[in-house]
Amino acid sequence: MVVEPRKQWPYREDGTAAFVDLRLHGDKQLYASGDSPAALERWAQRISAWHRGSEPRDAHVIDGIAPVARRCDVHCYFDND
């Protein structure tokens, strides 16, 4: 699964692989702002769930049904200035 949580791209969290690539581009302004403590805490909770092999309760999935979860390696990148 590759996650790029910006309104410019479709955003879904359906697990399709044994890893998650997460690219954060800034909380308020694309490529220009950092991520707020609240946003970082939300992502930390999601990363922890994926790493444990579970799904976040509010996972954004295509058909509304979370796929069978499995432990995932999670790679998180910050792409902002």
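From a predicted model like this one, the values you see are computed outputs, not experimental measurements.
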What's the separation between atom [atom1] in [X] and atom [atom2] in [Y], rounded to the nearest 0.5 Å?
{"X": "Arg71", "Y": "Arg52", "atom1": "CZ", "atom2": "CZ", "value": "10.0 Å"}
{"X": "Gln45", "Y": "Arg57", "atom1": "CD", "atom2": "CZ", "value": "8.5 Å"}
{"X": "Ile47", "Y": "Cys72", "atom1": "CD1", "atom2": "SG", "value": "12.0 Å"}
{"X": "Glu13", "Y": "Trp50", "atom1": "CD", "atom2": "CH2", "value": "4.5 Å"}

**Request:** Going by the side chain to side chain contact (heavy atoms under 4.5 Å, CB included) test, name the single residue among Leu22, Asp58, Val20 that passes it with Arg46.
**Result:**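 Of the listed options, the one satisfying the test is Asp58.
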**Request:** Using a 4.5 Å cut-off on heavy atoms from C-beta on, say whether the side chain of Trp43 contacts that of Leu24.
**Result:**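 In contact.
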**Request:** Taking all heavy atoms of Pro56 and all of Ala49, pick out the closest pair and write down the distance.
**Result:**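 Taking Pro56 first and Ala49 second, the nearest heavy atoms are N-CB, 4.1 Å.
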**Message:** Tell me whether His60 at atom NE2 has more than 12 heavy atoms from other residues, nucleotides or ligands lying less than 6.0 Å away.
**Reply:**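 More than 12 within 6.0 Å, yes.
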